Amino acid sequence: MRQKSRLKALRIIAAFAVFLLLSQISITLAGPDEDSCNNAPQLTAVSGDDVLELIRDHEDGPILLNIWATWCQPCREEMPELLRLNEEYQDAGLRLILVSCDFTRHSDKAAEFLGSLGVTFETYIKEQSDNEFVNQIDPDWTGALPYSVLIDTDGNVLKTWEGKLNFAEVNALLRQLD
Amino acid sequence: MNLRKLFPTMLSMIIAGSFPQFAQALEIGTDMPMTEIEMKNVDGNMVSLSDVTGDKGTLIIFTCNHCPYVKAWEERSVKAGNKAMKAGFGVIALNSNDPSEYKDDGYENNQKRSTNSGMMYPYVVDDGSQLAKAFGATRTPEFFLFNADGKLEYHGALDDNAQDADDVSAHYLQDAIDAQLRGQTISVPTTKSVGCSIKFYK
């Protein structure tokens, strides 16, 4: 009887050891904690005037301003393409300025979304009443999201989009600037 | 023109006139358009704007079911609509979104939302987004307040804080309604908020 108990105990220990080993393998295969490496930098709170100042301060190339939110489906849908454009025109000095209109208490959610797409550069979040923010950015903008503006190196507004961007149009305009 | 040289000139001053791509919203003082178009209400009946016109005026709310920004304001919005009705205004909510874009914006969900939120006023399907286009509405939620003569008196947001009802400092719509009831001029007749773009029927 005592031998049987010992065998049973040994089996339990062996099963536990196998379990630990398999857990370790699965952790190794999955890589490090995904959340910790997918988080983009925390978003910087801005007003509409702050955004205009960011535009003024970038003198090395064109600017694509995109105002978005995690709760806006078209915004989420077009974000990967925006980031691809940003990569493609890095050498031309393009600066992509992303301003989230998520509630400031949801800033982490916006950072998580951007992080999941590999964003590591500084992005922004609106911290101002909607009415002031929209009117400071552009009184002709009704407030509907997404909203984008393409500005050339000399500061000329080439095009604005209320709703989803037309990427063929953006590409054509950026190519002209090359 | 050069944006950087002109800073802090607003972006719009450069854009203005060059890219007239935005829908033009009705101007203050304009007559209510498309008053006879019949739209399907949540109770199955057909309703037009002229059917709901109130003695004191009419409040028209462009809204939808899926938009989180609408949901953030939902309780306040329905409360404001119900209160306006009791004050003698006609009130109607319109869903102008193409449900093929968002299933949540289908008719059955209009019915559920109307019941769940406690709307006392009609919630109708703006088929083809006809009224949204005529009003120049672009986002949800968006409010249009007309006086008893059918002239637009206020257009814009409910208040200045979708995020937190306790932190609202400007009650735009309520102030407009109160001013209209007192026969006073509305001090802030147009305001803006961010919101979900209306998914127009194609």
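Nothing here was measured: the structure is a model prediction, and the numbers come from that model. Protein chains get the first letters and strands the later ones, always in sequence-line order, with residue 1 at the start of each.
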Ring centers of B/Phe135, B/Phe144 separated by less than 6.0 Å |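 Yes, ring centres under 6.0 Å apart.
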
Go through the atoms of A/Gln73 and report whether side chain, backbone, both or neither lie under 4.5 Å from a heavy atom of chain B.
->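 Both the backbone and the side chain of A/Gln73 come within 4.5 Å of chain B.
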
Out of [options], which one racks up the most heavy-atom pairs below 4.5 Å with chain A?
options                      : value
B/Gly156, B/Pro68, B/Gly195  : B/Gly195
B/Ala72, B/Ala157, B/Ala162  : B/Ala162
B/Asn161, B/Asp164, B/Thr191 : B/Thr191

Quick one: list whatever passes ring-ring contact (aromatic ring centres under 6.0 Å, His included) with A/Tyr124, sequence neighbours left out.
->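 None.
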
Residues in disulfide bond (SG atoms under 2.5 Å apart) contact with A/Cys75, at least two apart in sequence or another chain |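 Expected list: A/Cys72.
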
Would you call B/Arg139 and B/Glu142 a salt bridge, using N to O less than 4.0 angstrom?
->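 Judged by the 4.0 Å cut-off on N to carboxylate O distance, B/Arg139 and B/Glu142 do form a salt bridge.
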
Can you name the one residue among A/Val170, A/Leu117, A/Leu64 that meets side chain to side chain contact (heavy atoms under 4.5 Å, CB included) with A/Leu82?
->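 The single option meeting the side chain to side chain contact (heavy atoms under 4.5 Å, CB included) with A/Leu82 is A/Leu64.
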
B/Ile37/B/Gln130 under side-chain contact (heavy atoms from CB on, under 4.5 Å): CA gap, chis, key distance, verdict | CA-CA 9 Å; B/Ile37 301 287; B/Gln130 291 179 84; 3.9 Å; yes

Under 4.5 Å, heavy atom to heavy atom, which residues of residues 74-101 of chain B contact chain A?
->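 Within residues 74-101 of chain B, no residue comes under 4.5 Å from chain A.
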
Among pairs that include at least one residue of residues 24-39 of chain B, which meet salt bridge (Lys or Arg N to Asp or Glu O under 4.0 Å), considering only residues two or more places apart or in two chains?
->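 Of all non-adjacent pairs touching residues 24-39 of chain B, those that pass salt bridge (Lys or Arg N to Asp or Glu O under 4.0 Å) are B/Asp31-B/Lys151.
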
Chain A contact via B/Ala170 - side chain, backbone, both or neither, heavy atoms under 4.5 Å =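 Neither part.
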
Point-to-point distance, once rounded to the nearest 0.5 Å, from CD1 of B/Ile186 to NE2 of B/His155 =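 It is 13.0 Å, given to the nearest 0.5 Å.
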
